[in-house]
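The block underneath contains the structure these notes are about, expressed in C-alpha cells.
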Amino acid sequence: MQDLSRIVTDIAAEMREAPDRGTVADYIEPLARVDPSRFGIAVIAPDGSEHVAGDADMPFSIQSVSKVFALTLALGAVGDQLWKRVGREPSGSAFNSIVQLETEHGIPRNPFLNAGAIVVSDILLGRGETAETIGEMLRFVRGLAGDEAIFIDEAVARAEQDTGFRNMALANYMRAFGNLANPAERALRVYVHHCALAMSCRQLARAGRFLMTGGVIPETGHSIVSPQRARRINALMLTCGHYDGSGEFAYRVGLPGKSGVGGGILAIAPGTASIAVWSPGLNERGNSQLGMLALERLVARTGWSVFEPRGG
Ligand code: DON
C-alpha cells in the first residue's frame with residue numbers, strides 16, 4: 001500500500017529545491033506579483049482522505065482551469081446542443097490563437113481555448129443577466145467544492161477586462177460568424193469573472209472530485225453529471241486541457257488535466273484521485289513548469305497514469 005502522504009510531502013520538498021521554475025505570467029499586474037517560490041499540492045481520494053503539502057491552502061487565480069467548471073455548467077444547461085457551436089478536437093495552437101477561427105467559420109476547436117470558453121460563457125448567459133450568470137457560476141463552484149469561502153478576485157477580473165484586447169477580438173470575430181448570441185462585452189464579463197476565481201489546491205481538488213467518481217460528489221452523494229458526461233469531460237481534458245502542450249502532458253503525466261496561467265493544474269485519476277497542483281512559473285506553452293513536473297513524479301510513484309496496465 002502506497003503511503004500517499006509521504007509521496008506528496010516528498011514531492012513538495014523536491015519542488016522547493018527545483019532550480020528551473022519557469023516564468024510567472026506578467027500580462028496583468030495581480031498575476032505578475034505572485035511569488036514564484038510558491039508550490040502547493042492536494043490529492044483527494046474517493047474515500048474523502050486528503051493528502052496535502054506546501055502552499056496547498058493558499059488561494060491563487062485558477063484562470064483557465066475554470067473552463068472545466070464553465071463547460072460542465074453549460075452542458076447542464078443546453079446539453080449536447082453545445083457541440084453545434086464548439087468543437088471537440090485538440091487545436092495544436094496557443095490558448096489565445098485566432099488563426100483557426102477564420103477557416104473554421106467562427107467555431108472554436110474546443111471549449112478550453114479562449115475562443116471556446118467565450119462561447120461557453122455566452123451559452124451560460126443565455127438570455128439572462130450578466131451579474132446573475134457570474135453568481136450562478138460562483139455558486140456552482142462553491143457547491144462542487146463544498147466551500148462557501150471561494151471567491152472571485154475582482155482586481156484580477158478588472159485587469160483582464162482592461163487588457164483583454166485579444167479576447168475582445170476573438171469574441172467579436174465569432175459574433176461576425178453568428179456564433180455569439182450576446183454582445184461581446186457581456187460574454188467577456190462572464191468569461192473574465194470565472195477566470196478570476198481564486199481557489200487553493202485543496203479547494204480545487206475538492207471541486208474536481210465529481211470527475212474522479214463518474215459525476216457524483218463522493219462526500220454528499222450528489223450527482224453533478226452522468227457517468228458518461230464525466231468520462232467525456234475527462235477525455236476533453238486529456239486531449240485539449242494543455243493546448244499545444246496537451247501531447248506533452250499526456251506523454252509525461254498521462255492523466256486528464258486542465259492548466260491555467262495562474263500556474264494551477266487540476267488532474268483526474270479516474271476512480272482514484274482528484275489532484276490539484278500550483279506553482280506560478282510557466283513553461284513556454286503557458287502551463288505550470290513545476291506543476292507538470294510534480295504530476296509526472298506523482299504518477300511515476302503511484303502508477304496512476306490512465307495508460308498504465310490495470311491488474312485484472
Ligand atoms: O483569457 C485569458 O487569456 C486568461 N484569462 C486565461 C488564460 C489561461 O489561463 C490559459 N491557460 N493556460
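None of these values were measured; they are calculated from a predicted model. Read the numbers this way: they start at 1 and go in the same order the structure lists the ligands and their atoms.
Here is the list of ligand 1 atoms found below 4.0 Å of a heavy atom in Phe95: 3 (O), 7 (C), 10 (C). Of all the atoms in ligand 1, the ones that sit under 4.0 Å from a non-hydrogen atom of Val261 are 7 (C), 8 (C), 9 (O), 10 (C), 11 (N), 12 (N). Residue Gly286 approaches ligand 1 through these ligand atoms, each under 4.0 Å from one of its heavy atoms: 12 (N). Annotation for ligand 1: atoms under 4.0 Å from non-hydrogen atoms of Tyr27 are 4 (C), 5 (N).
Considering backbone and side-chain atoms alike, Asn114 places an N or O below 3.5 Å from some N or O of ligand 1. Note: an N/O pair closer than 3.5 Å links Tyr191 and ligand 1 by distance alone. Residue Asn287 has no nitrogen or oxygen atom sitting less than 3.5 Å from a nitrogen or oxygen atom of ligand 1, judged on distance alone. An N or O contact shorter than 3.5 Å is missing between Gly260 and ligand 1 by distance.
The part of Asn167 lying near ligand 1 is the side chain, judged by heavy-atom distances below 4.0 Å. Looking at Cys195 against ligand 1, only its side chain comes within 4.0 Å, counting heavy atoms. With a 4.0 Å cut-off on non-hydrogen atoms, Glu160 touches ligand 1 through its side chain and not its backbone.
Nearest to atom 9 (O) of ligand 1 among the protein's heavy atoms is Ser64 OG, 2.5 Å. In this structure, atom 4 (C) of ligand 1 lies nearest to the protein heavy atom Gln63 OE1, 3.1 Å. Distance from atom 12 (N) of ligand 1 to its nearest protein heavy atom, with residue and atom name: Tyr243 CE1, 3.3 Å.
Ion pairing between Glu50 and Arg206 holds under the 4.0 Å rule for side-chain N and carboxylate O. Salt bridge status for Glu154 with Arg158: absent, with no side-chain N to carboxylate O gap under 4.0 Å. Using a 4.0 Å cut-off between charged side-chain N and carboxylate O, Asp147 and Arg202 make no salt bridge. Glu296 and Arg252 are joined by a salt bridge, as a carboxylate oxygen and a charged side-chain nitrogen come within less than 4.0 angstrom of each other.
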Atom pairs and distances, donor-acceptor, side-chain atoms in residues 65-72, under 3.5 Å, two or more places apart:
residue	atom	partner	partner atom	Å
Ser66	OG	Gln63	O	2.6
Ser66	OG	His194	O	3.2
Ser66	OG	His194	ND1	2.8
Lys67	NZ	Ser64	OG	2.9
Lys67	NZ	Phe112	O	2.9
Lys67	NZ	Asn114	OD1	2.7
Lys67	NZ	Tyr243	OH	3.3
Thr72	OG1	Val68	O	2.7

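With Trp83 as the aromatic partner, Arg88 meets the cation-pi criteria of under 6.0 angstrom to the ring centre and within 45 degrees of the ring axis.
A donor-acceptor pair shorter than 3.5 Å cannot be found between the side chains of Tyr191 and Glu160.
Of the possible donor and acceptor atoms, one in the side chain of Thr302 sits under 3.5 Å from a partner among the backbone N and O of Leu298.
For Thr213 against Pro218, the heavy-atom pair with the smallest separation is OG1-CD, 3.8 Å.
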